Amino acid sequence: MERSKIKELQNWLKSPRRKPLIVWGARQVGKTYLVRDIFAKQYFKDYVFIDLKKDDQARAFFATTSDSDKYITYIEARFGKKLTPKTLLIFDEVQQCHQVLSSLKYFCQDHREIPVIATGSLVRLSIKQQEQKNKDDDFLFPVGKIDSLNLYPVTFEEYLMNVNPVLLEMITDAYSKKQALEQVYHEMAMDLLHQYLTIGGLPEPLDIFIQDNSYVDATKVLKEVYSNYLGDMDTYNVSNETILKTRNVYKNIFSQLNKENKNFKISLLEKGKSNRDYFSAYEWLELARVVYRCHNVKAHIPLPLQEESSGLFRLYLADEGIFTYQSQVNQADFFVKDRRNTLSGIFYENYTACEFAAKEIPLFYWTGKQTHEIEFVVYSGGKLYPIDVKKKKGSLGSLQEFRELNGKCTAIKISANNFGYNAEQDILTIPHYAVFALAEDLASGTIAAVF
């Protein structure tokens, strides 16, 4: 399966200032597959792969030192391979041995010619750090001595790369010109989007769906991943109380978004409790990167965007397939066109949050007086963009109030409609299937140049 992050790995490899690289990401997003099965096999003559979770012998040795010279001697003797600039060294599950993480500082200082990549989980690293503190064992993160790359579930752009690259090119071209796709291709793109909304972006179930066209088999894997995520909360958490709270939050994200007021409210899960009581649960879910938090901004927005004192927020699941599985919505609602109208708009909202997060766009939503709200607000290229996400059409009431309070601005409407730009109202319409292109421009600050 093709992944767009391969370009970033290529750039890392070519960089004259290259440092050891850590690829961070949630479970099951394809970190090992990207680094070993794609990058190592395509761009290196040889590689050494060390799984720190399974390889007890290697982990036991590395736990005794962070000396990169000793690491090199051990690895060359153990695996019978010389570590050269043409041999990629991979440490998988680096959070399992914090001395390996510390050693990256010395690989950077003394052996920068050797390409080194580690993969890991921030939440597991956090727990490991806490364990080491409890043992009075100092642990220093190699600040300034590593490069980092964040890997997310497969985006819709990547899905198109694998199933219909020709249509991907057509969508990208239509976006750049802000010209409507011919209706036949618009409908084709919407069909593929709804496939993606059903399966999501976790590589294993997605690959099953692409290869076998089996929603049933893909859903079985989604169910397993969902259970594994819940199981992780047992393994990588600090107390039984926090485990229960973390699970409670995670399992109720769809239901909380599916209410009229989509703010996440702990009081609906446990009476008499507040967000402060669930701080550790939120922190765990965000560090694990299985949840994205979208903060509230109100009325007139001070810049730069930042969390307000009210503490209001919404939570989105970090994979659309997991979100659909949690909703328990019938698959026919996605695959049968006549039934798509029954889908809640939150499926498209969660999807948009995932696409934005994959481009590392901070998530904020806006509320005005009474019921006025705008799903996302993004500050890009020195300008503020209110972004409305709808199944089809939306009212202009919220936008009018937003502009009254925040000044004239270009609004972006993401919907099932085709591309378009209303110069009189200064509203740019982007179809759901082109959110990836919009997110790229918002992230790079070039959005103002495209209309």
Side-chain angles (χ1 to χ4, degrees), residues 175 178 257 259-265 275 292-316 345-346 348-417 419-432 434-451:
Y175 171 83
K178 295 304 173 288
L257 282 174
K259 53 187 174 61
E260 186 175 354
N261 183 338
K262 293 178 282 189
N263 297 338
F264 200 91
K265 294 183 177 180
N275 286 329
Y292 302 132
R293 192 186 321 214
C294 186
H295 294 285
N296 177 240
V297 289
K298 295 180 178 180
H300 173 70
I301 304 173
L303 297 175
L305 288 167
Q306 56 188 340
E307 180 183 355
E308 295 203 350
S309 58
S310 66
L312 297 176
F313 60 86
R314 294 170 182 176
L315 293 179
Y316 298 99
I346 61 170
Y348 305 99
E349 192 175 322
N350 195 90
Y351 154 73
T352 301
C354 290
E355 293 288 307
F356 282 3
K359 296 297 183 181
E360 301 185 2
I361 297 172
L363 299 179
F364 291 90
Y365 70 100
W366 177 85
T367 53
K369 299 175 183 178
Q370 298 176 352
T371 59
H372 287 157
E373 67 173 45
I374 293 175
E375 281 77 17
F376 298 100
V377 178
V378 177
Y379 185 68
S380 174
K383 295 183 178 181
L384 199 60
Y385 293 93
I387 302 173
D388 213 14
V389 181
K390 302 297 181 187
K391 284 199 300 182
K392 289 189 176 180
K393 295 182 179 180
S395 68
L396 294 177
S398 295
L399 177 59
Q400 289 171 351
E401 184 182 342
F402 183 90
R403 284 173 169 168
E404 288 173 4
L405 294 168
N406 294 283
K408 184 179 179 181
C409 59
T410 300
I412 299 172
K413 183 174 68 174
I414 299 172
S415 72
N417 296 325
F419 291 101
Y421 176 63
N422 186 319
E424 181 180 352
Q425 296 179 335
D426 197 13
I427 298 177
L428 177 67
T429 299
I430 301 294
H432 293 300
V435 171
F436 69 85
L438 171 66
E440 180 68 34
D441 278 340
L442 288 170
S444 62
T446 57
I447 180 65
V450 301
F451 55 90

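Note that the structure is a prediction, hence the values are computed from the model and not measured.
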Can you find a pair of side-chain heavy atoms, one from Asp426 and one from Tyr421, that are under 4.5 Å apart?
-> yes

Backbone N/O of Ile346 and side chain of Asn350: donor-acceptor pair under 3.5 Å = no

Give a yes or no on whether the backbone of Asn263 and the side-chain of Lys259 come within a donor-acceptor separation of less than 3.5 Å.
-> yes

With sequence neighbours left out, what residues match Ala434 under side-chain contact (heavy atoms from CB on, under 4.5 Å)?
-> Ile171, Phe419, Ile430, Pro431

Which atom pair, heavy atoms only, marks the closest approach of Tyr385 to Leu442?
-> CD1-CD2, 4.2 Å

Can you run down the salt bridge (charged side-chain N to carboxylate O under 4.0 Å, His left out) pairs that involve residues 358-371, sequence neighbours left out, and say none if there aren't any?
-> Lys359-Glu440

Residues at least two apart in sequence or cross-chain that pass ring-ring contact (aromatic ring centres under 6.0 Å, His included) with Phe356, listed by chain then number, are Phe376

Mind listing the closest non-hydrogen atom pair of Asp441 and Ser380 along with its distance?
-> O-OG, 3.9 Å

Residue pairs involving residues 370-381 (criterion salt bridge (charged side-chain N to carboxylate O under 4.0 Å, His left out); sequence neighbours excluded) | Lys262-Glu373, Lys262-Glu375, Arg314-Glu373, Glu375-Lys390

Sequence neighbours left out, what passes side chain to side chain donor-acceptor pair (under 3.5 Å) with Tyr351? Give chain and number order.
-> none

By side-chain contact (heavy atoms from CB on, under 4.5 Å) - contacts of Ala357 (at least two apart) = Tyr292

Rounded to the nearest 0.5 Å, what separation is found between the CG atom of Asp388 and the OG1 atom of Thr352?
-> 10.5 Å

Beyond-backbone contact of Phe402 with Val377, side-chain heavy atoms, under 4.5 angstrom | yes

CD1 of Ile387 to CD1 of Ile412: how many Å apart, nearest 0.5 Å?
-> 4.5 Å

Kindly compute the distance separating CZ (Phe364) from CG (Leu384), expressed to the nearest 0.5 Å.
-> 10.5 Å

Going through the distances and angles, do Cys409 and Lys383 end up as a side chain to side chain contact (heavy atoms under 4.5 Å, CB included)?
-> CA-CA 8 Å; Cys409 59; Lys383 295 183 178 181; over 6 Å; no

Flag the pair Cys294 / Leu315 as yes when at least one side-chain heavy-atom distance between them is below 4.5 Å, and no otherwise.
-> no

Apply side chain to side chain contact (heavy atoms under 4.5 Å, CB included) to the pair Lys413 and Leu428, showing each step before the final yes or no.
-> CA-CA 6 Å; Lys413 183 174 68 174; Leu428 177 67; over 6 Å; no

Determine yes or no for a side-chain-to-main-chain donor-acceptor pair under 3.5 angstrom, with Ser398 supplying the side chain and His372 the backbone.
-> no

Less than 3.5 Å apart, which donor and acceptor atoms pair up between the side chains of residues 295-308 and the rest of the protein, not counting sequence neighbours?
| residue | atom | partner | partner atom | Å |
| --- | --- | --- | --- | --- |
| Asn296 | ND2 | Thr367 | OG1 | 3.1 |
| His300 | ND1 | Leu405 | O | 3.0 |
| Glu308 | OE2 | Lys298 | N | 3.0 |

For residues Tyr316 and Leu257, determine if any side-chain heavy atom of one lies less than 4.5 Å from a side-chain heavy atom of the other.
-> yes

Residues in side-chain contact (heavy atoms from CB on, under 4.5 Å) with Gln425, at least two apart?
-> Leu396, Asn422, Ile427

Across all chains, not counting sequence neighbours, the side chain to side chain donor-acceptor pair (under 3.5 Å) partners of Arg293 are Glu286

Mind checking what makes ring-ring contact (aromatic ring centres under 6.0 Å, His included) contact with Tyr348, not counting sequence neighbours?
-> His194, His432

Would you give the length of the straight line joining atom CD of Glu349 to atom OH of Tyr365, rounded to the nearest 0.5 angstrom?
-> 10.0 Å

Mind checking what makes side chain to side chain donor-acceptor pair (under 3.5 Å) contact with Ser444, not counting sequence neighbours?
-> Thr446

Least distance between heavy atoms, Pro386 atom then Thr410 atom = CD-O, 3.3 Å

